[in-house]
Amino acid sequence: MQYKRILLKLSGEALMGDKQYGIDPKRLDEYADEIKKVVDKGIQVAIVIGGGNIFRGLAGAATGMDRVQGDHMGMLATVINGLALQSALEMKNVQTRLQSAIKINEVAEPFIRRRAMRHLEKGRVVIFGGGTGNPYFTTDSAAVLRAIEIEADVILKGTRVDGIYTSDPEKDKNATKFDTISFQDVLQRGLKVMDTTAFTLSQENELPIVVFDMNKKGNLLKIVDGEAIGTTVNM
């Protein structure tokens with residue numbers, strides 16, 4: 001295996017599947033299957049999920065809601081998604097722990113770095129909910145922060161496109177894909193991989209990012225097997 005410990009970043013929107021809102025049970029089950037295949041290979045897996053399928057703090061702020069209140073609602077949405085994924089994984093006999101950056105002890109453990117790492121060492125999947133626990137920070141930033149804290153080898157960002165392109169491939173048919181690209185080139189070209197805070201944090205800590213199509217069956221396993229899937233961002 002190319003990696004021993006990975007941080008998988010999933011967007012909340014990815015859980016919608018073909019729905020317009022909420023969680024698609026079929027998509028959730030598919031993701032749980034993909035994650036189980038990797039866990040069965042002995043890879044230690046941590047996960048951060050967004051909450052955009054339920055609520056986005058920025059969207060709330062755009063309609064006049066207090067931004068801090070909106071971001072707290074978004075954090076709770078990530079916990080809901082985390083609970084859903086935890087349930088789907090445990091139905092497949094994958095031991096899972098949900099840790100939250102905000103105190104919600106009845107449904108999730110508090111985030112404690114050493115405890116999270118111990119869970120991973122025991123082969124449990126650890127889902128990090130609640131973002132960073134602070135408003136104004138995205139779940140991209142939470143993913144990079146947690147990856148650094150748990151000493152992950154890589155961030156695997158699962159999206160609905162198969163990598164990073166010169167422009168949006170869904171809008172520009174002439175867009176070309178990068179197999180590998182440096183952090184510096186991403187910044188110079190103004191490509192949107194993660195928000196600036198998250199991307200800079202990843203660059204400063206020399207933590208590689210792989211952007212890939214999570215909706216294509218087998219891709220996650222192929223990446224940890226060392227196949228060139230998606231686009232790798234490194235130094």
Would you please test Lys222 and Asn219 for side chain to side chain contact (heavy atoms under 4.5 Å, CB included) and show each step?
CA-CA 5 Å; Lys222 288 177 181 178; Asn219 267 359; 4.3 Å; yes

Hey, quick one: are [X] and [Y] part of the same hydrophobic cluster, counting side-chain heavy atoms closer than 4.5 Å, chains of contacts allowed?
X	Y	answer
Met194	Phe212	no
Leu201	Ile181	yes
Met214	Ile43	yes
Phe111	Met117	yes
Phe178	Val233	yes

With a 4.5 Å cut-off on side-chain heavy atoms, are [Y] and [X] touching?
X	Y	result
Val144	Phe199	no
Ile150	Gln44	no
Pro25	Lys19	yes
Asp29	Lys92	yes
Glu13	Met16	yes
Arg115	Arg97	no
Gln2	Val154	no

If you count every heavy atom of other residues, nucleotides or ligands that lies below 6.0 Å from [X] atom [atom1], does the total exceed 12?
X	atom1	value
Phe137	CZ	no
Lys26	NZ	no
Lys216	NZ	no
Lys177	NZ	yes
Asp168	CG	yes

Under 3.5 Å, is there a donor-acceptor pair between the side chain of [X] and the main chain of [Y]?
X	Y	answer
Gln95	Glu90	no
Asp66	Val68	yes
Thr232	Thr180	no
Asn53	Gly22	yes
Arg146	Val48	no
Thr78	Gly50	no

Reported [atom1]-to-[atom2] distance for the pair [X] and [Y], which is rounded to 0.5 angstrom:
X	Y	atom1	atom2	answer
Leu220	Lys37	CG	NZ	9.5 Å
Thr139	Leu10	OG1	CG	10.0 Å
Thr231	Ile229	OG1	CD1	10.5 Å
Ile164	Leu191	CD1	CG	7.0 Å
Leu89	Ile35	CG	CD1	5.0 Å
Phe128	Glu149	CZ	CD	8.0 Å

What's the shortest heavy-atom distance between [X] and [Y], and which atoms?
X	Y	value
Leu28	Ala88	CG-CB, 3.8 Å
Gly218	Glu34	N-OE1, 2.7 Å
Gly51	Ala77	O-CB, 3.7 Å
Gln86	Leu98	NE2-N, 3.6 Å
Ala147	Leu207	CB-CD2, 3.6 Å
Ile127	Gly82	CD1-O, 3.6 Å

Basic-acidic side-chain contact under 4.0 Å: Asp71, Arg67
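Salt bridge: yes.
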
With a 4.0 Å cut-off, would you call Lys157 and Asp140 a salt bridge?
yes

Who are the side chain to side chain donor-acceptor pair (under 3.5 Å) partners of Asn205, not counting sequence neighbours?
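Not a single residue meets the side chain to side chain donor-acceptor pair (under 3.5 Å) criterion with Asn205.
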
Could you walk me through whether Met73 and Met65 pass side chain to side chain contact (heavy atoms under 4.5 Å, CB included), step by step?
CA-CA 11 Å; Met73 292 171 68; Met65 178 181 288; 3.8 Å; yes

Restricting to side chain to side chain contact (heavy atoms under 4.5 Å, CB included), what partner residues turn up for Asn215, sequence neighbours left out?
Arg27, Tyr31, Arg160, Asp213

Quick one: do Phe55 and Leu76 satisfy side chain to side chain contact (heavy atoms under 4.5 Å, CB included)? Show the steps, please.
CA-CA 9 Å; Phe55 189 84; Leu76 292 172; over 6 Å; no

Partner of Glu151 by salt bridge (charged side-chain N to carboxylate O under 4.0 Å, His left out), out of Lys4, Arg5, Arg113, Arg114
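For Glu151, the salt bridge (charged side-chain N to carboxylate O under 4.0 Å, His left out) test succeeds with only one of Lys4, Arg5, Arg113, Arg114, which is Arg113.
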
